[in-house]
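Inspection log for the structure reproduced underneath, given as structure tokens.
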Amino acid sequence: MPKSRIRKKADYTPPPARQAQAIKLTNRAWVAPVMLAMFLIGLAWIVVFYVTDGSLPIDSLDNWNIVVGFGFIAAGFGVSTQWK
């Protein structure tokens with residue numbers, strides 16, 4: 001029986017080298033302190049409201065003080081999206 005011809009395989013050629021792209025790093029050191037401060041202010045606002053039976057922090061807001069406290073907490077989550 002005749003032997004089949006052996007096909008010559010192409011030599012391996014590596015893909016072209018990519019040039020390194022400069023990564024733009026900005027200083028985001030302010031994010032963590034601001035985020036934690038917003039969380040703590042919001043928590044303290046709500047705790048003070050409950051401990052003083054609604055007379056503090058702002059008496060005229062009445063139960064809207066809870067919304068203000070949660071607003072600070074939500075702002076802390078908004079700031080946390082800037083953390084890298």
Side-chain angles (χ1 to χ4, degrees):
M1 177 154 213
K3 253 186 169 181
S4 60
R5 290 183 3 204
I6 299 173
R7 296 181 191 158
K8 185 177 180 185
K9 294 182 182 180
D11 292 334
Y12 173 75
T13 55
R18 292 184 183 176
Q19 289 189 358
Q21 295 178 350
I23 298 175
K24 206 176 195 183
L25 295 176
T26 57
N27 188 1
R28 305 264 182 164
W30 60 271
V31 174
V34 171
M35 176 184 65
L36 291 175
M38 297 295 251
F39 287 153
L40 292 176
I41 290 170
L43 179 65
W45 195 287
I46 294 170
V47 168
V48 167
F49 174 72
Y50 277 115
V51 168
T52 61
D53 291 328
S55 63
L56 287 177
I58 300 175
D59 191 27
S60 63
L61 288 180
D62 200 33
N63 285 335
W64 284 95
N65 280 304
I66 298 170
V67 175
V68 172
F70 278 113
F72 276 111
I73 294 171
F77 279 114
V79 170
S80 71
T81 62
Q82 300 297 316
W83 197 1
K84 288 188 179 186

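What's counted below: heavy atoms across the whole structure, side chains too, no hydrogens, waters or symmetry copies. Here the structure is a predicted model, which is why all the values come from computation and not from measurement.
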Using the rule that Ile, Leu, Val, Met, Phe, Trp and Tyr join whenever any side-chain heavy atoms are under 4.5 Å apart, tell me whether [X] and [Y] fall into a single cluster.
X   : Y   : result
V79 : F70 : yes
F39 : V47 : no
V51 : I41 : no
F77 : V31 : yes
L43 : I66 : no

**Request:** Would you mind reporting whether I46 and I73 have side-chain heavy atoms less than 4.5 Å apart?
**Result:** yes
**Request:** Might you point out which heavy atoms bring M35 and G76 nearest each other, and give the distance in Å?
**Result:** CG-O, 3.5 Å
**Message:** Are more than 12 heavy atoms, taken from residues, nucleotides or ligands other than W83, located less than 6.0 Å from that residue's CH2 atom?
**Reply:** no
**Item:** W45 backbone acceptor or donor facing N65 side chain under 3.5 Å
**Value:** no
**Prompt:** Residues two or more places apart in sequence or in another chain: which of them pass side chain to side chain contact (heavy atoms under 4.5 Å, CB included) with M38?
**Reply:** V34, F72, A75
**Message:** What's the separation between atom CZ in F49 and atom CH2 in W64, rounded to the nearest 0.5 Å?
**Reply:** 12.0 Å
